[in-house]
Engineer: 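One structure, as C-alpha cells, below. Some questions next.
Lettering follows sequence order; numbering is per chain, from 1.
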Amino acid sequence: MTPVVSIENLKDHVGEEVTLQGWLYRKTGKGKLQFLQVRDGTGICQAVVFKGNVSPEDFAAGKSLTQESSLRVTGLVKEESRAPGVPGGYELDVRELEAVQLAEPYPISPKEHGVEFLMANRHLWLRSSRQWAAMRVRAVIIQAIREWLDGHGYLNVDTPIITPAAAEGTTTLFEIDYHGEPAYLAQTGQLYNEANIFAFGKVYCFGPTFRAEKSKTRRHLQEFWMVEPEIAFCDLDQLMDIEEQFISHIVQRCLRECAAELQVLERDTTHLERVTPSFPRIHYDEAVAMINEAAAKGELVPGYDEPVPPMEWGDDFGSPHETYLAAQFDKPVFVHHYPTQVKAFYMESEPGRPEVCRSVDLLAPEGYGEITGGSERMSDPDKLLAAIHAHDLPEEAYGWYLDLRRYGSTVHSGFGLGVERTVAWICGLDHVRETIAFPRTLTTMRP
RNA sequence: UCCUCGGUAGCUCAAUCGGCAGAGCAUCCGGCUGUUAACCGGACGGUUGUUGGUUCGAGUCCAACCCGGGGAGCCA
C-alpha cells in the first residue's frame with residue numbers, strides 16, 4: 001500500500017509513489033493520454049494517465065470517470081511547471097486508478113452559471129474552487145480573530161442567542177415562542193458583554209446574530225456571524241487603537257497563510273498589504289464637510305456612476321456616502337463622533353457637545369462599507385436612565401443593565417466586527433452570500 | 001416596502017416588424033500522447049414562469065400574479 005497524502009502536502013513527496021483520494025474536478029484528454037484534475041479538499045492536482053503506464057482496465061476506468069466522480073489514484077509525484085491546479089506545479093504520473101463511484105451527470109459545469117441556479121445548488125457549489133477558497137480564507141480569518149483576542153487577554157464569554165427584547169430597539173427581530181412567551185433571536189451580545197467585563201475585564205463573544213430586516217443588498221444576510229470585544233477602562237481613542245491592531249493582524253495573517261486561496265480568487269492584494277496601523281481617523285463633522293464639498297463639485301461615487309448626494313449635518317451616511325468616504329483613503333478609515341440621534345441609546349455623549357456621541361465606525365476600502373461599529377458606553381447611571389426614557393424603552397427591562405453603573409462603574413468601550421463583510425473584503429468578493437457555506441438571505445433559506 | 005432589470009433545452013444565452021423555437025456547454029457515441037473552460041465529427045435534448053386577453057397567428061403585444069438579480073432604506 002502506498003501512503004495516502006493530501007494535495008497541499010504533495011510538494012514534500014516529489015519522486016515518491018503516493019495515493020490521492022478525492023473527486024474528479026475536470027477532465028480532458030487526447031486519445032492515449034488523460035488529464036484528470038483531482039481535488040481532495042486541500043487542493044487540486046492534475047493526474048496524468050498515459051495508456052502505456054496503466055492496465056487496460058484502469059485506463060478504461062479513467063475514461064469512464066464523470067465530473068465529481070470519487071476516485072483513488074496512485075502514481076509518481078513530479079514537479080511539472082505545466083501542471084494546473086491549486087497550488088499547481090506538481091502532478092501525479094498515474095500507475096493505478098480506481099473509480100470509487102461514477103457520479104451522475106453533474107449540474108454545475110465549468111461554464112458560467114446564474115446566481116439563482118448556483119444558490120439552489122449551494123451544497124454542490126461549495127466544491128467549486130472559488131467557493132472552496134473563500135471558505136478556507138473565512139476559517140483563517142476566524143482563527144486570526146480568536147488568536148489575537150485570546151493572546152491579548154480577552155476572555156471568550158458567549159452571550160445568549162434567545163433574548164427577551166430588542167437590545168437596541170430599532171431593527172427588526174426574528175420572534176420565537178419561548179414556552180408561550182415571545183422571545184427574539186439576538187441581534188447583538190453587547191449588553192451582556194458589558195455585564196461580563198465587570199467580571200472579567202476584557203471579553204468577547206463570537207456567534208451568529210440575526211436581523212429580520214428586509215435588506216436585499218450585497219452586504220446583508222439575515223443570519224451572520226459577529227465577534228464583539230468589550231473592554232473595561234477603555235475610552236474611544238483606546239478603542240480605535242485596539243481595532244486597528246486587531247484588523248491589521250487579521251489581514252496580515254490571511255496574506256501570509258492564504259496566498260493560494262487569494263490567487264484562486266484573483267484577489268489583487270496590494271490594498272491589503274497596506275493594512276497596518278495606524279488607520280486614518282476623521283470626525284463626523286469633517287466627513288460631512290468632505291461629502292458636501294464633493295457634492296458641490298459634482299464628483300461621482302466610485303463604482304456607482306452617480307454624483308455624490310449632498311447631506312445635512314445630523315443625518316446618518318447613506319451607502320453612497322460611505323463608499324465615497326472610504327475611497328478617499330488607501331486604508332480602512334475610522335469615522336467617529338456620529339450624531340447622538342442616529343446611534344443607539346447606550347453610547348456616551350461627548351462632554352460639552354451632547355449632540356454627538358463617542359462612537360466609531362470603521363469603513364473598509366474598495367466599497368466594502370462598514371465592517372465594525374463601536375463606541376464608548378455611557379457610564380453614569382442617571383444619564384443612562386435618562387437615555388432609556390428618551391428612547392421610550394421600558395425601564396424595568398434594563399434594571400440589570402443600570403445595575404452595572406451602580407456597582408463600580410467605569411469608562412468602557414466595545415465594538416462588533418461582521419465576519420462576512422470582512423471575508424468579502426479580504427477575498428474581494430462582490431456579495432456576502434459567498435462568504436458563508438449556507439447563507440440565509442432575504443430570498444434563500446434552502447438548502 | 002420602494003425603484004429597476006430579468007424569467008426560452010440540465011446550464012449560459014439567441015430568436016429581426018407578431019410569421020417553421022436555435023446555438024454553445026453538459027450528457028452519450030467515435031477520433032487524437034501535454035491538455036489548461038482543449039479540439040474535430042455525430043446523437044440526445046422544449047408545457048418559452050403562471051393565468052387570462054388581443055390577433056388568422058404570440059417567446060415577442062396587453063393585464064394580473066409568481067419567482068429571481070441589482071439598487072435604496074436599515075444595519076455588521
Side-chain angles (χ1 to χ4, degrees), chain A residues 25-37 44 46-53 59 63-64 66-68 78 80-85 88 91 93 102-121 124-125 128-129 168 170-173 187-188 190 208-228 301 303-306 309 315-323 342-344 361-364 368-374 415-425 430-433 435 441-444:
Chain A
Y25 191 59
R26 265 170 212 177
K27 180 176 76 169
T28 176
K30 204 163 180 183
K32 294 175 183 160
L33 197 55
Q34 299 170 36
F35 300 98
L36 312 177
Q37 286 191 42
I44 299 176
Q46 175 163 277
V48 182
V49 188
F50 175 52
K51 198 167 188 174
N53 288 345
F59 190 78
K63 284 197 89 165
S64 74
T66 52
Q67 190 184 356
E68 287 303 321
K78 287 182 168 174
E80 168 57 69
S81 60
R82 289 173 295 184
E91 69 181 20
D93 192 359
L102 289 183
E104 293 177 28
Y106 191 66
I108 301 179
S109 72
K111 295 280 177 177
E112 286 177 26
H113 297 283
V115 170
E116 188 179 1
F117 174 78
L118 290 169
M119 284 302 295
N121 288 286
L124 304 177
W125 189 21
S128 300
S129 57
E168 303 184 1
T170 51
T171 44
T172 321
L173 301 171
Q187 58 175 342
T188 172
Q190 193 227 300
T209 182
F210 306 89
R211 305 279 166 93
E213 296 142 359
K214 306 278 187 207
S215 297
K216 202 178 84 174
T217 81
R218 66 182 69 190
R219 296 180 304 281
H220 291 90
L221 295 171
Q222 305 288 290
E223 174 185 306
F224 65 98
W225 286 67
M226 186 158 69
V227 58
E228 295 176 273
V301 182
Y304 271 72
D305 217 30
E306 64 179 48
D315 288 344
D316 205 351
F317 302 121
S319 196
H321 297 133
E322 279 190 0
T323 303
V342 303
K343 289 291 184 182
D361 286 357
L362 182 66
L363 307 183
Y368 285 97
E370 184 184 344
I371 53 170
T372 79
F415 68 96
L417 171 79
V419 169
E420 286 74 17
R421 285 188 185 175
T422 304
V423 177
W425 166 46
D430 64 7
H431 202 300
V432 289
R433 68 178 157 233
T435 66
T441 71
L442 191 58
T443 54
T444 306

Engineer: Using OP1 and OP2 only, check whether a side-chain N or O of A:His431 sits under 4.0 Å from B:G69.
Structural biologist: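 For B:G69, neither OP1 nor OP2 has a side-chain N or O of A:His431 closer than 4.0 Å.
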Engineer: Would you say A:Arg219 places a side-chain N or O within less than 4.0 Å of OP1 or OP2 belonging to B:G70?
Structural biologist: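 No, no such contact exists.
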Engineer: Taking B:G41 as the reference, what is the distance to B:U50 when you measure between their C1' atoms (whole Å, please)?
Structural biologist: 41 Å
Engineer: What interatomic distance, in whole Å, is found between P of B:C65 and the corresponding atom of B:G70?
Structural biologist: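 Taking atom P in both B:G70 and B:C65, they lie 23 Å apart.
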Engineer: Tell me whether the side-chain N/O atoms of A:Arg26 come closer than 4.0 Å to OP1 or OP2 in B:A26.
Structural biologist: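 Result: no.
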Engineer: Taking atom C1' in both B:G59 and B:A14, what distance in whole Å separates the two?
Structural biologist: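 The answer is 11 Å between these two C1' atoms.
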Engineer: What is the distance, to the nearest angstrom, from the CZ atom on A:Phe317 to the C1' atom on B:A72?
Structural biologist: 18 Å
Engineer: Should the heavy atoms of other residues, nucleotides or ligands under 6.0 Å from CD of A:Glu306 be counted, would the total exceed 12?
Structural biologist: yes
Engineer: Give one of base, sugar-phosphate or nothing for A:Asp361, where a contact means two heavy atoms less than 4.0 Å apart.
Structural biologist: nothing
Engineer: Take atom NZ of A:Lys27 and atom P of B:C39, then tell me their distance rounded to the nearest Å.
Structural biologist: 15 Å
Engineer: Between the protein and nucleotides 7-13 of chain B, list every N/O to N/O distance that falls short of 3.5 Å.
Structural biologist:
from	atom 1	to	atom 2	distance (Å)
B:C11	O2'	A:Glu112	O	3.3
B:C11	O2'	A:His113	ND1	2.4
B:U12	OP1	A:Gly114	N	2.8
B:U12	O4'	A:Glu112	O	3.3

Engineer: Can you tell me the pairing partner of B:U1 across any strand shown, Watson-Crick or G-U wobble, with both distances under 3.5 angstrom?
Structural biologist: B:A72
Engineer: For nucleotides 1-5 of chain B, list the nitrogen or oxygen atoms of the protein found under 3.5 Å from its nitrogen or oxygen atoms, one pair per line.
Structural biologist:
from	atom 1	to	atom 2	distance (Å)
B:U1	O4	A:Lys214	O	3.2

